[in-house]
Amino acid sequence: MNPYAVKLAIRHLLSHPGQTALLMAGVALGVSVFIFMSALIGGLATLLTLRTVGSIPHIVLEMPDRDPATLSPNAHKHVVLQKDLSRRDQIAIWQPVIPIIEQTSGVTAVSPQIRGSAFVERGQTVAPVGVIGVMPGKLSDIANIEAAIVDGSSNLPADGILIGSRLARDLGLRVGQVIRLSSDRGRTRSFRIGGIFTLGIASADRQAVYMNFTTARALYDLSTGISRIEIKVEPATDAADIAERLRRSTGLKATAWTEDNAQLFEGLDAQARTGTIIKAFSLVTIIVGIASAMLLSIVRRQSEIGIMRAMGASNGLVISIFVLEGTLIGFIGAIVGAVAAWFALLPLPPVTEVSSGGLPIDRQQGDFLLAITLTTLAATLASILPARRAARIDPVEAIGA
Amino acid sequence: MSAQAIFSVSGLTKRFAEGEAEVLVLKGIDLSMTAGEMTALLGPSGSGKSTLLTILGTLMRASGGTHEMLGVDLMQASEAQRTEFRSKHLGFVFQFHHLLSDLSALENVMMPAASAAGRETPAMRERAMELLDAVGLPDRMNYRPSAMSGGQRQRVAVARALINNPVLVLADEPTGNLDRQSADQVMDLIRSINQTMATSFLISTHDEHIAAQCSRRIELLDGRIIRS
Ligand SMILES: Nc1ncnc2c1ncn2[C@@H]1O[C@H](COP(=O)(O)OP(=O)(O)O)[C@@H](O)[C@H]1O
Ligand SMILES: [Mg+2]
């Protein structure tokens, strides 16, 4: 860099402190909008993802779909058994699979489960529920039921069940009461309500019924097999990759949570796009602001530029001076904006502790360096055109000799 | 052409496109100057004085004729060569001082040299201080132009024209914007520099009083030299 260009650029900025400060403040504002949007969009994504993946399995392993058999395969008649969509085959041999899953990297919890549908009857009311039979000690491996208990306890004796608070309210059930439960296998048994939980997920709070693994076996006529294996992984966003690895190593059908939550991702994508547009606008504002300020400044200093050109300053020197000025405004403004944004976001609680109604802003995702880099680049870009225009000034016209 | 001629032009013409029509502003100028001359270029307004100085100063190209200085054919030279030539051998003083408002008097005087070198050097600073001393402003080195009088600014402009030790200084109505007293000061200054530093001056003016202080006079009328 030409030291004389640096000197003249800095000198001009310092000679007009008010104008320089105003320009830098504009840039700083644009940069803080950029950072704020990044932090907000990132924080929202984190919050929604956390909320979504917190209580659901990240990967579900089941028996692969089997196409229904074709009966009497002859050319004139084609009889096909309709696929039974309500029931899936059990995983008959599952014990050897568990260690394989547990040793897969990224896997943090493995919960073999018996699943089935059932009806809860109470007086005239009948409510459909989904039974989840979990192994001892694995009750909270997928959804943290123990922490969600609002009444009673999380113990699961052979005749005990845990139900959601919505179901309890709809049917007027309380802890200690005995209810009858009929499985879709035609078996009916009485259970004592041991605890009531609120997960905050409507479907679970209305329909999930947790019970002992062995009890569920009896209710669904499964002598040795299980219905599915639910898995948690870390990080949850790697679920699809890990699911693919598990599918290959176990031969089971592996469904990652990401497949069932396409809407969430569409939503997050849309949000991110909105954020990108707003960020792009803040950059465009910076470019327009700096470019117009530079153009004005060049018109005002036309005769000074002319005299420099007349007295031997090269095109390159004139261009350097103005590009440097714009870049300095952008860079210093960006630093100021980034520092201001940093301190402004400092007192905000982490996303995991955001109270409802508060904005989930994640300072870590504020893209500070990107904001500074892009803004500085934008400022340089914005000053190139005015600078070239300055270099084209005809000394004779400018001086008016 | 005499041996010690610093520049010579012959048959020099300049035409400007004026809308559809063309205007011939210089109609064949033959002129040369020898080292150490202090020449007044007289003529009424619109006679072509500024145009001639601008061409001699390589800020504009002639339309025809020859233009040679210090053995260089400036008609053929490229724009880059002319820029370099200008910064090495020519100095300028204009009717308006055109000092850079962000720079001090001292920095303004250094500007042509610093622009060419890409930096300010201690040697330039030294030379600029000598020049400000010579133009009688040793105590105004660090003043911005806005804090100086019109006469002082024009004296800074004269010092600036001298920083690269030019052979020739082209001064276009250097006192045109000054009161009589300041004008006399600037002319005294130019004369003493001409004598002590042997720098040649070509000074345009329509003021007989100014012309009287020069060693040679050329009169221009309607694009032609009528007396020399
Ligand atoms: N760029 C230009 N385009 C057209 N005409 C010009 C231009 N510059 C000067 N002229 C004309 O040339 C003539 C001489 O101008 P100038 O050299 O400025 O005279 P002086 O300095 O003696 O007053 C004037 O008639 C002026 O209008
Ligand atoms: Mg003139």
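We name chains A, B, ... by the order of the sequence lines, and we start the count at 1 in each one.
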Of all pairs that satisfy salt bridge (charged side-chain N to carboxylate O under 4.0 Å, His left out), the ones with a partner from residues 334-343 of chain A, not counting sequence neighbours: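 Not a single pair qualifies under salt bridge (charged side-chain N to carboxylate O under 4.0 Å, His left out).
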
Enclosure of [X] [atom1] (heavy-atom neighbours >12, cutoff 6.0 Å):
X        : atom1 : value
B:Glu79  : CD    : yes
B:His206 : NE2   : no
B:Lys88  : NZ    : no
B:Phe16  : CZ    : yes
A:Arg51  : CZ    : no
B:Met129 : CE    : no
A:Leu295 : CG    : yes

Rounded distance (nearest 0.5 Å) linking atom OG of B:Ser115 with atom CD1 of A:Ile321: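 With rounding to 0.5 Å, OG (B:Ser115) is 7.0 Å from CD1 (A:Ile321).
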
From B:Thr54 atom OG1 to A:Ile399 atom CD1, the distance as rounded to the nearest 0.5 Å: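 Going from the OG1 atom of B:Thr54 to the CD1 atom of A:Ile399 covers 8.0 Å.
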
Would you mind checking which part of [X] comes under 4.5 Å of any heavy atom in chain A, side chain (CB onward), backbone (N, CA, C, O), both or neither?
X        : result
B:Phe92  : both
B:Ile163 : neither
B:Ser104 : backbone
B:Ser204 : neither
B:Arg144 : side chain

Among B:Arg119, B:Glu120, B:Glu84, residue most engaged with chain A (heavy-atom pairs, under 4.5 Å):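 Greatest number of close heavy-atom pairs with chain A: B:Glu120.
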
Most chain A-contacting option - heavy-atom pairs closer than 4.5 Å, from B:Pro112, B:Ala161, B:Ala80, B:Gly91: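 Result: the option with the highest number of such pairs is B:Pro112.
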
Nearest atoms (heavy-atom pairs only) where A:Ser15 meets B:Asp102: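 Shortest heavy-atom contact: CB-OD1, 3.4 Å.
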
Residue-level interface, residues 297-315 of chain A with chain B, non-hydrogen cut-off under 4.5 Å: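 The residues closer than 4.5 Å to chain B, in numerical order, are A:Arg301, A:Ser303, A:Glu304, A:Ile307, A:Met308, A:Arg309, A:Ala310, A:Met311, A:Gly312, A:Ala313.
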
Members of residues 3-12 of chain A whose heavy atoms come closer than 4.5 Å to chain B: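 When heavy atoms of chain B are the reference, residues 3-12 of chain A contributes A:Pro3, A:Tyr4, A:Lys7, A:Leu8, A:Arg11, A:His12 within the under-4.5 Å range.
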
Side chain to side chain donor-acceptor pair (under 3.5 Å): pairs with one or both residues in residues 371-390 of chain A, sequence neighbours excluded: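 The answer is A:Thr327-A:Thr380.
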
